[in-house]
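Note sheet for the following structure.
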Amino acid sequence: MFTQRLILTGDERHDEPLIQQAAAIIRAGGLVAFPTETVYGLGADALNPEAARRIFLAKGRPAWDPLIVHVAEPADIHRYTRDHSTLIEKLIRTFMPGPLTLVLPKREVISDVVTAGRETVAVRIPRHPVVHALIRSSGVPIAAPSANKFGRPSPTTADHVLQDLHGAVEAVLDAGATPMGVESTILDMTTQPPTLLRPGGVSREAIEAIIGRVRMLDETFLEGVPLPAPGLSARHYAPNAKVLLCDPQPEAFYDVLVHTLSCYAFVGAMRPNGWQLPDSKRLRVFEWGAWGDWQTLAQRLFRGLRALESMGVHAIVCPLPPEEGLALAIRDRLQRAAHD
Ligand code: AMP
Ligand code: MG
């Protein structure tokens, strides 16, 4: 199969035919990759089990790992899920559209393939105008995980999508780099208190300000024990290089780089602005952004890991952000990328 790249200009008149072309592929049971405000997604009709099954094949994703269903408006959340408390209504009003995914009891119409046989479904209303237009134009809810091969860093550009999935999807809508760069926050609303399954674009602090305390999912899972959140395995988001995390101080970064250069032939650095580097011809550098500017660092995280990987480094040294706000989402992705 040849994957078409449909390049959007941001001008609605020019883009509308391309959106319609992509929507026709979705309606016919095909796969389309598209930008969201978080990362690029790989979408199929969530009401069509055959189409949803193709997502798992294209990604090499295990069938037990459920997909997030993307809808256009709050009425659609009611159409596909049930048992809504006032807390849920508050979350919808405050954070949607946006990078918050809710796990809720599902209604029949949502395919078991999408939910991996669960009685719950993860839903969100994305904010990016392209995916919004695509959902409206296709007239169906769109099941979509990130548009990468299973376990790889998530794609934040159409090039990343094509690196992983060229020939496996009918089309990719290309609207440039995604603005947030890390995936949505996933909140399980079927537990009491709600459980934060994955930190992401909406911070824990912002959620707690609206609905009170949420529980964090324990980060370590014992092998052989059923995962409370399928798909959130310890190793994920990993480039083809060893990821080494260091304390977030310039001196520690420098020292770990020196040490890593003594162990590996080519070493990559995710470098915060101005942090000093050892002098070595075997060092490759990605200029990440200003330390503490979590928005920029999140936006450029996966791009950096992929860029260093493509320069052929064997190890990547990266400082670890703190456990707060958006920094927690970056920290989570890096810890999974670094996990053996
Ligand atoms: P991705 O689509 O790659 O961002 O991954 C979506 C993640 O959402 C999955 O790996 C699961 O961990 C989580 N998820 C999706 N649906 C459910 C559900 N019904 N219950 C719990 N977690 C879910
Ligand atoms: Mg993913």
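Counting starts at 1 for both ligands and their atoms, in listed order. For the numbers below, each heavy atom of this structure counts, side chains included, while hydrogens, waters and symmetry mates do not. Counting from 1, the numbers follow the sequence of the chain as shown.
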For ligand 1, is any non-hydrogen atom under 4.0 Å from [X]'s backbone (N, CA, C, O), its side chain (CB onward), both, or neither?
X	answer
V103	side chain
I186	side chain
K106	neither
E119	neither
L197	side chain

Determine, for [X] against [Y], whether the closest basic-nitrogen to carboxylate-oxygen distance falls under 4.0 angstrom.
X	Y	result
E37	R124	yes
R331	E324	no
D293	R300	no

Would you mind listing which atoms of ligand 1 come within a distance below 4.0 Å of any non-hydrogen atom of [X]?
X	answer
T120	18 (C), 19 (N), 20 (N)
R198	1 (P), 4 (O), 5 (O)
S146	2 (O), 3 (O)
D65	9 (C), 10 (O), 11 (C)

How far apart are the C-alpha atoms of R198 and S184, what are their side-chain angles, what is the distance that settles it, and do they pass the side-chain hydrogen bond (donor to acceptor under 3.5 Å, both in side chains) test? CA-CA 8 Å; R198 176 174 76 187; S184 62; 3.2 Å; yes

Closest heavy-atom approach to atom 14 (N) of ligand 1 among P105, G117, P66, A116 is made by P66

Review point. Has ligand 1 got any nitrogen or oxygen that is less than 3.5 angstrom from a nitrogen or oxygen of K59?
Key: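 No - when backbone and side-chain N and O of K59 are compared with those of ligand 1, no distance drops under 3.5 Å.
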
Heteroatom distance test (E183, ligand 1): nitrogen or oxygen, under 3.5 angstrom = no

- In terms of heavy-atom contacts, does CD of E205 have more than 12 from other residues, nucleotides or ligands at under 6.0 Å? yes

- Message: Using a 6.0 Å cut-off, check whether atom CD of E287 has over 12 heavy atoms from anything other than its own residue.
- Response: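 Count over threshold, so yes.
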
**Request:** Please work out whether the ring planes of H314 and F266 are parallel, tilted or perpendicular, with thresholds of 30° and 60°.
**Result:**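 H314 and F266: tilted rings.
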
Per side-chain contact (heavy atoms from CB on, under 4.5 Å), F253 is matched among V256, L257, D255 by L257

Discussion item. With a cut-off of 2.8 Å, does S146 put an N/O/S atom close enough to the Mg ion (ligand 2)?
Written reply: yes

Note: T3 and V169 closest approach over all heavy atoms is OG1-O, 2.8 Å

